[in-house]
Peer 1: 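Input: one structure, supplied below.
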Amino acid sequence: MKSFIKRLYHSIPWVFKDRIEYYRNFRSLPNLTKPIKFTEKVLYRKKTTCITNDNYALYADKLRVRNYVESKIGSAFLIPLLGTYHSVDELKKDLYSLKKCILKPNNASGSLIFIDEGLIPVLAAEVLITASVWLNNDYSRHKGEFHYKKIQPVLIAEKNLAMQSKRVNDYKIHMFRVKEGHVFYVLQMIEYGCVDQREGKGNTFFFVNNLFSSFGDKIKIFSADEKKALIEALKNSEILLGELEYARFDWYITRQGLYFGEITLTPCAGFCKGFPEELDLLMGSVWCLPDKHSNDEPDGLKQKLFVS
């Protein structure tokens with residue numbers, strides 16, 4: 001009975017499931033007629049430009065986006081690429097020689113395998129099974145992010161930037177084009193500290209259009225080197241924003257320099273529970289959708305947003 005209900009649920013179009021999943025996460029129904037919150041506008045993008053704009057597949061493709069980044073800001077910011085694999089057989093030939101790298105599919109989010117000094121046969125077999133699943137996976141079906149459907153699956157192996165087992169801090173720049181020649185950003189910084197690189201948990205801080213004062217009760221002060229790298233990341237993100245009115249750009253700061261991670265167009269598929277409610281509203285107020293909804297926002301939010 002449970003399996004039947006599960007299959008029945010999966011057969012429901014995402015235009016309906018988006019509302020169900022949103023309610024399950026936030027205990028309220030999303031306003032998709034006149035979206036106001038950031039999370040609502042992510043859902044709105046999923047059923048509009050994610051389907052109609054073919055360039056979205058380029059931006060979200062973790063392999064092809066490297067060419068886009070190189071053409072815009074140069075190759076120095078790209079994480080060294082150790083290999084690309086279109087089949088499990090191709091990966092199998094290189095698998096035992098791969099070291100200190102991260103293996104992931106180009107057409108999904110959050111799917112990673114950390115390879116350290118080398119794999120023993122048992123672990124290698126598990127990697128190959130997972131790789132096969134990735135290559136045959138239509139990620140667009142998971143959360144209704146249909147721009148992923150246009151991406152041809154490829155496995156990529158990138159150099160692991162982490163020192164020993166420590167995970168590299170993640171700097172996610174949510175950038176909005178508020179008007180011609182101007183942008184607005186929210187920096188979401190995930191600090192992992194001594195957390196093992198395989199653990200996904202970290203300490204999250206938000207900075208609203210500045211690098212000096214963190215949003216909310218958590219306090220975080222960047223070092224001079226960190227701030228210098230973030231200023232460069234902000235400049236690069238604005239260049240990469242291009243035609244888009246919003247995108248999230250992931251960056252990593254290491255001793256070797258600043259590295260680009262990926263472009264995300266629909267963070268958490270619109271079900272981000274990590275944003276405080278006030279920030280969800282603030283980010284929604286500066287996201288000017290490319291249609292009649294661009295000016296719909298709660299009174300006074302923009303004024304409040306720009307006073308800091």
Peer 1: Is the NZ atom of K100 crowded by more than 12 outside heavy atoms at less than 6.0 Å?
Peer 2: no
Peer 1: Find the distance between CG (L155) and NZ (K62) and round it off to the nearest 0.5 Å.
Peer 2: 12.5 Å
Peer 1: Could you report the tightest heavy-atom contact between I12 and F16, atom names first, then the distance?
Peer 2: CG2-CB, 3.7 Å
Peer 1: Please report the interatomic distance CZ(F184) to CG(L282), rounded to the nearest 0.5 Å.
Peer 2: 7.5 Å
Peer 1: Restricting to non-hydrogen atoms, name the atom on P35 and the atom on L289 that form the minimum distance, rounded to 0.1 Å.
Peer 2: CG-CD1, 3.8 Å
Peer 1: Does a side-chain heavy-atom distance below 4.5 Å link L98 with L91?
Peer 2: yes
Peer 1: With a 4.5 Å limit on heavy-atom distance, are the side chains of T39 and P30 in contact?
Peer 2: no
Peer 1: Less than 4.5 Å apart, any side-chain heavy atom of R19 and any of L32?
Peer 2: yes
Peer 1: Just verifying a value: how many Å separate L103 CG and N160 CG, rounded to the nearest 0.5 Å?
Peer 2: 12.0 Å
Peer 1: Do V186 and F215 have side-chain heavy atoms sitting under 4.5 Å apart?
Peer 2: no
Peer 1: Applying a strict under-4.5 Å side-chain criterion to I, L, V, M, F, W and Y, I'd like to know whether I113 and L81 cluster together.
Peer 2: no
Peer 1: Using salt bridge (charged side-chain N to carboxylate O under 4.0 Å, His left out) as the criterion, point out the one residue from D54, D138, D61 that pairs with K149.
Peer 2: D138
Peer 1: We want to know whether Y59 and E243 form a side-chain donor-acceptor pair, criterion being a heavy-atom distance below 3.5 angstrom.
Peer 2: yes
Peer 1: Please enumerate all residues that pass ring-ring contact (aromatic ring centres under 6.0 Å, His included) together with F260, with sequence neighbours excluded.
Peer 2: W251
Peer 1: Going by ring-ring contact (aromatic ring centres under 6.0 Å, His included), name the residues that satisfy it together with H174, two or more places apart in sequence or in a different chain.
Peer 2: F38, F275
Peer 1: Decide yes or no on side-chain contact (heavy atoms from CB on, under 4.5 Å) for F26 and K273, but give the supporting numbers first.
Peer 2: CA-CA 8 Å; F26 304 111; K273 298 181 70 173; 4.2 Å; yes
Peer 1: Let me see the working for T266 and Y56 under side-chain contact (heavy atoms from CB on, under 4.5 Å), right down to the final yes or no.
Peer 2: CA-CA 10 Å; T266 50; Y56 277 29; over 6 Å; no
Peer 1: If you apply the rule side-chain contact (heavy atoms from CB on, under 4.5 Å), what do you find for M175 with L234, and how did you get there?
Peer 2: CA-CA 9 Å; M175 185 157 285; L234 287 166; 4.1 Å; yes
Peer 1: Can you tell me how far SG of C101 sits from CG of L82, rounded to the nearest 0.5 angstrom?
Peer 2: 6.0 Å
Peer 1: Do side-chain atoms of R177 reach the backbone of G242 as a donor and acceptor pair under 3.5 angstrom?
Peer 2: yes
Peer 1: In this structure, would L63 and I115 fall into the same cluster of hydrophobic residues linked by side-chain contacts under 4.5 Å?
Peer 2: no
Peer 1: Is there a donor-acceptor pair closer than 3.5 Å between any side-chain N or O of S71 and the backbone N or O of Y68?
Peer 2: yes
Peer 1: When you measure from the side chain of N136 to the backbone of S132, do you find a donor-acceptor pair of N or O atoms at a distance under 3.5 Å?
Peer 2: yes
Peer 1: May I ask you to decide if T52's main-chain N or O and T49's side chain share a donor-acceptor pair within less than 3.5 Å?
Peer 2: no
Peer 1: For Q256, look at atom CD and say whether over 12 heavy atoms of other residues, nucleotides or ligands are found less than 6.0 Å away.
Peer 2: yes
Peer 1: Do L230 and I253 come within less than 4.5 Å of each other through their side chains, counting heavy atoms only?
Peer 2: yes
Peer 1: Just to verify, what does S109 make a side chain to side chain donor-acceptor pair (under 3.5 Å) with, not counting sequence neighbours?
Peer 2: none
Peer 1: Is V154 linked to W134 within one hydrophobic cluster, defined over Ile, Leu, Val, Met, Phe, Trp and Tyr using a side-chain heavy-atom separation of less than 4.5 Å?
Peer 2: no
Peer 1: Of all heavy-atom pairs between N210 and S213, which one has the smallest distance, and what is that distance?
Peer 2: OD1-N, 2.6 Å
Peer 1: Should we count CD1 of I221 as having more than 12 external heavy atoms under 6.0 Å?
Peer 2: no
Peer 1: For the residue pair K220 and N203, confirm or rule out a side-chain donor-acceptor distance under 3.5 Å.
Peer 2: no
Peer 1: Looking only at heavy atoms, what is the nearest atom pair of N209 and V183, with distance?
Peer 2: OD1-O, 4.5 Å
Peer 1: Starting from L95, can I reach I156 by hopping between I/L/V/M/F/W/Y residues whose side chains sit under 4.5 Å apart?
Peer 2: no
Peer 1: Measure the CG-CD distance between L29 and E40 for me, rounded to the nearest 0.5 Å.
Peer 2: 10.0 Å
Peer 1: V208 and F212: same hydrophobic cluster, using ILVMFWY side-chain contacts below 4.5 Å?
Peer 2: no
Peer 1: Do the side chain of K159 and the main chain of P80 share a donor and acceptor less than 3.5 angstrom apart?
Peer 2: no
Peer 1: Quick check on K179: does its NZ atom have over 12 non-hydrogen neighbours (other residues, nucleotides or ligands) under 6.0 Å away?
Peer 2: no
Peer 1: Does E232 form a side-chain contact (heavy atoms from CB on, under 4.5 Å) with N236? I'd like the steps, not just the answer.
Peer 2: CA-CA 6 Å; E232 187 170 25; N236 289 340; 3.9 Å; yes
Peer 1: List the atom of Y192, the atom of V168, and the distance in Å for their closest heavy-atom pair.
Peer 2: CD1-O, 3.4 Å
Peer 1: By side-chain contact (heavy atoms from CB on, under 4.5 Å), which residues pair with F271, not counting sequence neighbours?
Peer 2: W14, D18, E21, Y22, N25, L43, K46, K143, A269
Peer 1: Just by distance, do the side chain of T130 and the backbone of E126 share a donor-acceptor pair under 3.5 Å?
Peer 2: yes
Peer 1: Quick one: are R45 and E245 in side-chain contact, heavy atoms under 4.5 Å?
Peer 2: yes
Peer 1: Please give me the minimum heavy-atom distance between R24 and R27, naming the atom from each residue.
Peer 2: O-NH1, 3.1 Å
Peer 1: Taking C-beta and beyond as the side chain, do L187 and F205 meet within less than 4.5 Å on heavy atoms?
Peer 2: no
Peer 1: Does K104 pair with E262 as a salt bridge, N-O distance under 4.0 Å?
Peer 2: no
Peer 1: May I ask you to list the residues sharing a hydrophobic cluster with Y148, side-chain cutoff 4.5 Å, ordered by chain and number?
Peer 2: Y139, I151
Peer 1: Is the closest side-chain heavy-atom distance between K37 and E277 below 4.5 Å?
Peer 2: yes
Peer 1: Any donor-acceptor pair under 3.5 Å linking the side chain of N106 with the backbone of Q152?
Peer 2: yes
Peer 1: Looking at I219, I'd like to know if its CD1 atom is crowded, meaning that more than 12 non-hydrogen atoms belonging to other residues, nucleotides or ligands lie closer than 6.0 Å.
Peer 2: no
Peer 1: Please identify each residue that fulfils ring-ring contact (aromatic ring centres under 6.0 Å, His included) with Y23, with sequence neighbours left out.
Peer 2: none
Peer 1: Please round to the nearest 0.5 Å and tell me the distance separating atom CD1 of I102 and atom OG of S111.
Peer 2: 12.5 Å
Peer 1: Say whether Y171 and E226, considering side chains only, have a donor N or O and an acceptor N or O under 3.5 Å apart.
Peer 2: yes
